[in-house]
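From a predicted model like this one, the values you see are computed outputs, not experimental measurements. Proteins come first, then strands; the chains are lettered A, B, ... in the order of their sequence lines, and each starts at number 1.
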Amino acid sequence: MHKKIIDIIYRIPAGKVATYGQIAAFAGFPGRARHVGWILNQTNAPNLPWFRVINSKGSISLPHNGKYELQKVLLQEEGIIFDEKDFINLKIFGWKP
DNA sequence: GTACTGACGACAC
DNA sequence: CGTGTCGCCAGTA
C-alpha cells in the first residue's frame, strides 16, 4: 500500500498541493489520512514531492523546526502563495484529479 | 490481545 | 479561525 500512496504523490503536478485525505482517498484508502503522513515520515523516496502534501485546512502540518520553512519555500518556488497566516488557498492551488 | 503514538479529518461550538 | 472530541489504522512495545 505504501507504493500505491507514493505513486499518487508522484502524480501531484508542480504548482499544486494535495491534502492527506485526498491522497488517501484517491489511492483507494478513504479515511486513512494518517497513513499518508506516516508513510511520508518513513519513506525517503527520491524526488518525492512530499512538500506538496498538506492538511485539509490548507496549512503545513510540520512543527516550526526548519522543515516547515523548507516546505514553505519549496512551495513558494513553484508559485504557490501563502497568506499572512501561512495558509494556502486550496480553491486556487488545490490539486483536482 | 491491550495501550499508545502519529506530517489527519469531520464536526460542533 | 481556534479548540475540543471522536474516529481512523499501521507500527511498536
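Mapping heavy-atom proximity under 4.0 Å, the span of DNA chain C touched by chain A runs 5' to 3' from dC1(C) to dG11(C). Read 5' to 3', the first and last nucleotides of DNA chain B with an atom closer than 4.0 Å to a heavy atom of chain A are dG6(B) to dA10(B).
Within 6.0 Å of NZ in K91(A) there are 12 or fewer heavy atoms belonging to other residues, nucleotides or ligands.
Every residue was checked against the side chain to side chain donor-acceptor pair (under 3.5 Å) condition with Y10(A), not counting sequence neighbours, and none meets it. Looking at residues two or more places apart in sequence or on another chain, you find no side chain to side chain donor-acceptor pair (under 3.5 Å) involving N44(A). Not a single ring pair (Phe, Tyr, Trp, His ring centres under 6.0 Å) links W50(A) to another residue, sequence neighbours left out. Applying the salt bridge (Lys or Arg N to Asp or Glu O under 4.0 Å) test to D83(A) and every residue at least two apart in sequence or in another chain returns nothing.
Pairs of residues two or more places apart, or lying in two chains, never qualify as salt bridge (charged side-chain N to carboxylate O under 4.0 Å, His left out) while including a residue from residues 22-32 of chain A.
Side chain of E78(A) to main chain of A14(A): no donor-acceptor pair is present (N/O by atom type, distance under 3.5 Å, no hydrogens or angles).
Near DNA chain B, defined here as any heavy-atom distance below 4.0 Å, there are no residues from residues 75-89 of chain A. Of the residues in residues 40-49 of chain A, those placing a heavy atom less than 4.0 Å from an atom of DNA chain B are L40(A), N41(A), in numerical order. If you check residues 29-39 of chain A against DNA chain B, the residues with a heavy atom closer than 4.0 Å are A33(A), R34(A), G37(A), listed by number. DNA chain C lies under 4.0 Å from no heavy atom of any residue of residues 53-71 of chain A.
Residues I81(A) and N89(A) have side chains not in contact (no heavy-atom distance under 4.5 Å, counting atoms from C-beta outward). Side-chain contact check for I60(A) versus K72(A): some heavy-atom pair is nearer than 4.5 Å.
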Could you write out DNA chain C as dot-bracket? Rules: Watson-Crick or G-U wobble, both distances under 3.5 Å, brackets [ ] for crossings, | for pairs with another strand, dot for unpaired.
.||||||.|||||

